[in-house]
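Data block below; observations after.
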Amino acid sequence: MPAQKGWLFDVYPSRDGMVLWLKTEQRCLRLIDPYWATFYLGGPDAALKQCAAYLSRQRLPITTKWTERKELLSDCFIPVLKVSTPRLDRFSTLVQSVYRVNPELTFYNCDILLPQLYFYETGLFPLAQCELAYDEAFRLTDFQLLDSAWEIDYLVPPLRFLQLRMEQDANPNHGRPTRLIASVDDREFVFEAEGAELLHGLNALLLTHDPDVIVTRYGDSYIIPRLRRLADAHGSPLALNRDGAAGIRGKQSKSFFTYGKIVYRAGAQVLHGRWHLDIENSFAVDETGLDGLVELARITKLPVQRCARTSVGTGVSSMQLDVAFRDGYLIPWRKRLPEAFKTGSELLLTDKGGLVFQPRIGWHEQVGELDFSAMFPTIMVKHNISQETVLCDCCPENRVPEVGHHICTKRRGLVPRTLEPMLERRMTYKRLLKQPLTTEERERYDRRQSALKWLGVVSFGYQGYRNARFGRLEGHEAITAYSREALLAAKEIAEAQGYSLLHAIVDSMWLQKAGAMVQDYERLAADISRQTGLPILVEGMYNWIAFLPSKRSPKAPVPNRFFGRFLNGAMKVRGLEVRRSDTPGFVRCAQAAMLATLSTAKSSDECRALIPGLLDDLRAKVDQLREGRVSLAELAITKHLSQEPGEYKTDTILAEAAKDLASRGVRLSPGEEIQLVIVDSRANDKVSKAKAYALYDGSLGYDVEKYTELLLKAAESVLWSFGYDYARLKAMFPEGLSLRRNEVTEAIQPFSRLLRSRGSLAMTRDSRGNHEAEESK
DNA sequence: AAAGTACGGGG
DNA sequence: GTGTACGTACTTT
C-alpha cells in the first residue's frame with residue numbers, strides 16, 4: 001500500500017468524505033478520507049428516543065449511539081445521543097432537519113465547519129508534515145503526524161505562485177476596465193481584459209506552471225468573478241481550480257455592523273486544492289504576510305484560505321474550540337440571537353474600563369516608557385478568567401478588586417488554557433529575535449510573533465461578547481479591573497522611587513526622573529513586575545517626547561496625540577495625520593519626512609536648529625501643490641462609507657464621490673472603502689466638491705488650497721511645540737496664485753499600494769508612521 | 001449651535 | 001458567522 005510524506009496543503013468536505021491534498025516536494029496529491037462527521041443531541045429521554053427513530057428513517061447513512069459527554073459550564077457528564085454520518089455534503093442539512101423536527105433538543109458540535117472539526121478530531125492541522133497511507137482508489141487508510149502545531153522551527157513546503165492584478169492600482173470595481181497582469185516568478189504577462197486570448201493565455205500559464213497559490217489584488221471581488229463570467233460566455237474551461245471535481249466556491253459580499261461601525265467584507269472566491277489569497281481582502285496577509293498566515297493557520301487550525309479571510313476573532317474561537325473538543329467537552333450550538341449583541345472590541349480604549357492619567361502637554365526630555373507586555377491576555381491567564389470560571393458556584397471568596405466578581409480557584413479555565421501556550425510561543429519568538437539571525441529569519445519570526453500578538457489582543461475583546469460562545473461580560477469587567485489595579489500600583493511604585501508620571505494609558509506609562517538611566521528603568525520594571533505579578537518591560541527611553549493638546553481646546557490634553565524619539569533614533573508616533581487612513585499620501589509622506597528629520601535630533605535645541613530646513617521643505621511641498629505637480633495618486637483620500645450613497649444627508653466630499661461612482665453605475669455597499677480627490681471643497685452649488693479617484697481623468701484639477709490646508713495642519717502637529725500653529729504657518733505661506741483648475745501631471749505613483757504586491761512575496765504593508773531612523777543618520 | 005460623518009487599536 | 005462604544009476632529013446646515 002503506497003504512502004507519501006508531505007505537507008497537508010488543503011482539506012475540504014465532499015460527498016465521498018474529506019478531501020486531503022498532500023503537498024510533496026514533487027507534486028500535489030489528492031486523497032479522500034471516508035470520515036464520519038458527528039454531532040450530539042441532549043434533552044429528555046423520550047424526545048431523544050423519538051429523534052433516534054426519526055434518524056433511522058432517513059435515507060442517509062447515519063449511525064446513532066447513546067453516550068455521555070461533559071458539559072462545559074457545569075463540568076458534569078450528561079447523557080447524549082451521538083449522531084454520525086459520512087455524507088459530509090449533507091451534514092448541515094441533517095442538523096437543520098433534526099432542529100425543525102424537534103427544536104427543544106440541545107444541539108452540540110453541530111455548527112463548526114467540518115474541516116475544523118476534522119482537524120480537532122484527528123490532531124492534524126493545516127500545513128502539518130505527515131505521512132499518509134492510501135489504497136489504489138486514493139482513499140486514506142492510515143496517517144502519521146510528523147509535526148506539532150506548537151513546533152517553533154517548522155518547515156513550510158516550497159510553493160509556486162501566480163500573481164494576478166489589474167493594471168490600475170485603484171479598486172477595479174470602481175474604475176474602468178484595464179488590462180490584466182499575470183506574473184510568474186519574474187515574468188509578467190499582460191492580457192486585454194476581454195476575449196478568448198485571455199482565457200487561453202491564462203489556462204496555458206496555469207497548466208504549465210501549476211501554481212500552488214494564486215495571489216491577487218481584488219481577485220475576490222473582481223478578477224476571478226470576471227474570469228468565471230468570461231469562461232461561461234465563451235463556453236471554455238478555466239483551470240484556476242486544481243480539483244476539477246470541486247469547482248470554485250463563491251461567497252457573497254456583505255456589510256454588517258460591529259462595534260459602532262459598519263464593516264464591508266468583500267465576497268470570496270475559494271479554490272480547492274490550490275489557494276487563492278486576495279491581499280486586498282485579507283487582514284492576516286496584509287498585516288503579517290504569508291509567514292503570519294501560515295503561523296495562524298497552523299495554530300488556529302483554520303484552513304488557509306478561510307484563515308486569510310476571517311477576523312482574528314474566528315482564529316481565537318477556533319483555538320478554544322480545539323481545546324474544548326480535546327478535553328471531551330460538548331460544544332454548545334451558538335444560535336444566532338435576534339436581540340442586541342455586544343461585540344468584542346479590538347480597541348483597547350479607555351472607555352472599556354482602562355485607566356488613563358492625562359499627559360502633561362508639551363515637550364519633555366529624558367523620558368522613559370514602560371509597557372505591560374500583553375497585559376490583557378496575561379491577566380486572563382494569571383487570574384484564570386474564562387466563561388466557566390467567572391461567578392462559579394464554588395469559590396465566593398476569590399474576589400476581583402472593585403467589581404467584586406468571584407473567580408474559580410479549583411478549575412482551570414478554557415480561555416487561560418488556550419492563551420497560555422500562545423503567550424509562551426510569542427515570547428519564544430521574541431527571545432529568538434534577540435539572537436543573531438539572518439534578515440530573512442528575523443522577518444519571518446517577527447511576522448509570526450506579530451500574528452500571535454493579534455490573537456492575544458482579540459481574545460480580550462472576545463470576553464466582551466455577551467453571547468459569544470466563550471465570552472462573558474463579567475470576565476471582561478474583571479480583566480479591566482485587574483488592569484486598573486496594576487497600572488495604579490505601577491504608578492505608585494514609580495512615584496515612591498522618585499519618578500514623576502508624565503502620562504499613562506491602560507498598559508503604558510511615561511516617566512521622568514533626573515539622571516535616571518535605562519538600567520534604573522529596568523530595575524523599576526523588575527520591581528513593578530514582581531509586585532503586580534504582571535510582566536512590564538522598558539519600551540524605551542526617549543531623548544524627547546511631545547504630548548500634543550486637543551485641537552478644539554488647546555489647553556486640554558488628549559491621551560493619544562504624541563510623538564517622540566527613542567535613544568536608538570526610532571520614533572514612536574500616535575494620533576498624528578500619518579497614522580490616519582484618511583490622510584492623502586502626499587500629506588502623509590510630507591509629515592513622515594518631517595518626523596524623520598526631527599528623529600535625527602537628540603534635544604530641543606537640535607530640533608530647533610532643524611526647523612528652518614523643515615520650513616524650506618514645507619515651502620517646496622506647498623509650491624509643488626500650487627504648481628500642480630502632485631499626482632492624483634498622491635492626492636487620493638481613502639474613506640469608508642458608513643451608509644448607502646443615496647442615504648447621505650449632507651454633501652460631504654465622501655458623499656459626493658460616492659454619488660459620482662453610483663451615478664456611473666458602480667454599486668457601493670455600506671462599509672466599503674472608496675478613494676476620492678478633492679476638486680473644489682468650497683463648491684456649494686451642487687457642482688462637484690470631489691471626484692472618485694478610480695474614474696477621475698484630472699480634467700478639473702484639484703483643490704490646491706484645501707490640500708495646502710491639510711498639509712499645513714499636518715505640519716502644525718509636528719511644529720506645534722516650537723511655536724508654529726496653523727495660523728502662523730498659514731501666514732507664512734499666503735494663498736498665492738490659486739490654481740483651482742490645474743493641469744495634473746500623471747507622475748510616477750510612489751504611493752501606489754501596488755508596490756506591496758510587486759516582487760515575489762513582499763506582501764505586508766508598510767506600517768503607517770513608524771519611522772525607523774538610524775542612529776548614524 | 002447643532003447635527004452629520006469619520007477615525008482610532010499594537011509593534 | 002459577527003449586530004450599533006465613545007471621544008476627538010472636522011464639515012455642513
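Residue numbers begin at 1 in each chain, while the letters A, B, ... track the order of the sequences.
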Original post:
Do the charged groups of Glu672(A) and Arg265(A) touch, with an N to O distance under 4.0 Å?
Top reply: no
Subject >> Spacing between Arg561(A) atom CZ and dT8(C) atom P, to the nearest angstrom >> reply: 12 Å
Subject >> Residues that Ala556(A) engages under side chain to side chain contact (heavy atoms under 4.5 Å, CB included), provided they are two or more places apart >> reply: Ser550(A), Ser553(A)
Original post:
Could a donor-acceptor pair under 3.5 angstrom be found where the side chain of Gln449(A) meets the base of dG10(B)?
Top reply: no
Original post:
Quick one: is Arg574(A) getting a side-chain N or O under 4.0 Å of the dG10(B) phosphate, OP1 or OP2?
Top reply: yes
Original post:
In whole angstrom, what separates Arg309(A)'s CZ from dT2(C)'s P?
Top reply: 18 Å
**OP:** Report the residues that fulfil ring-ring contact (aromatic ring centres under 6.0 Å, His included) with Phe372(A), sequence neighbours left out, ordered by chain and then residue number.
**Re:** none
Subject >> Minimum-distance nucleotide (side-chain atoms of Arg579(A) versus dG11(B), dA6(B), dT11(C)) >> reply: dG11(B)
**OP:** With sequence neighbours excluded, tell me which residues meet ring-ring contact (aromatic ring centres under 6.0 Å, His included) with Tyr648(A).
**Re:** none
Original post:
To the nearest Å, how far apart are Ile637(A) CD1 and dA6(B) P?
Top reply: 13 Å
**OP:** For the pair Glu716(A) and Lys713(A), find out whether any cationic side-chain nitrogen is under 4.0 Å from an anionic carboxylate oxygen.
**Re:** no
Subject >> For Gln305(A), all residues meeting side chain to side chain donor-acceptor pair (under 3.5 Å), sequence neighbours excluded >> reply: none
Original post:
The side chain of Ser581(A) lies closest to which of these nucleotides: dA9(C), dG8(B), dT5(B)?
Top reply: dG8(B)
Subject >> C1'-based separation of dG7(C) from dG11(B) [nearest Å] >> reply: 24 Å
Original post:
Between the base of dG11(B) and the side chain of Arg447(A), is there any donor-acceptor pair under 3.5 Å?
Top reply: no
Original post:
Counting side-chain heavy atoms from C-beta on, which of dG11(B), dT2(C), dT8(C) comes nearest to Arg426(A)?
Top reply: dG11(B)
Original post:
Could one point to a donor on the side chain of Lys453(A) or the base of dG10(B) with an acceptor on the other under 3.5 Å away?
Top reply: yes
Subject >> Leu537(A): side chain to side chain contact (heavy atoms under 4.5 Å, CB included) partners, not counting sequence neighbours >> reply: Ser373(A)
**OP:** For DNA chain C, write out the stems as range with range, using runs of 3 or more consecutive Watson-Crick or G-U pairs with both distances under 3.5 Å.
**Re:** B:1-8 with C:6-13
**OP:** Return the nearest nucleotide to the side chain of Thr652(A); candidates are dC7(B), dA6(B), dT12(C).
**Re:** dT12(C)
Original post:
Distance check: side-chain N/O of Lys639(A) vs OP1/OP2 of dT5(B), anything under 4.0 Å?
Top reply: no
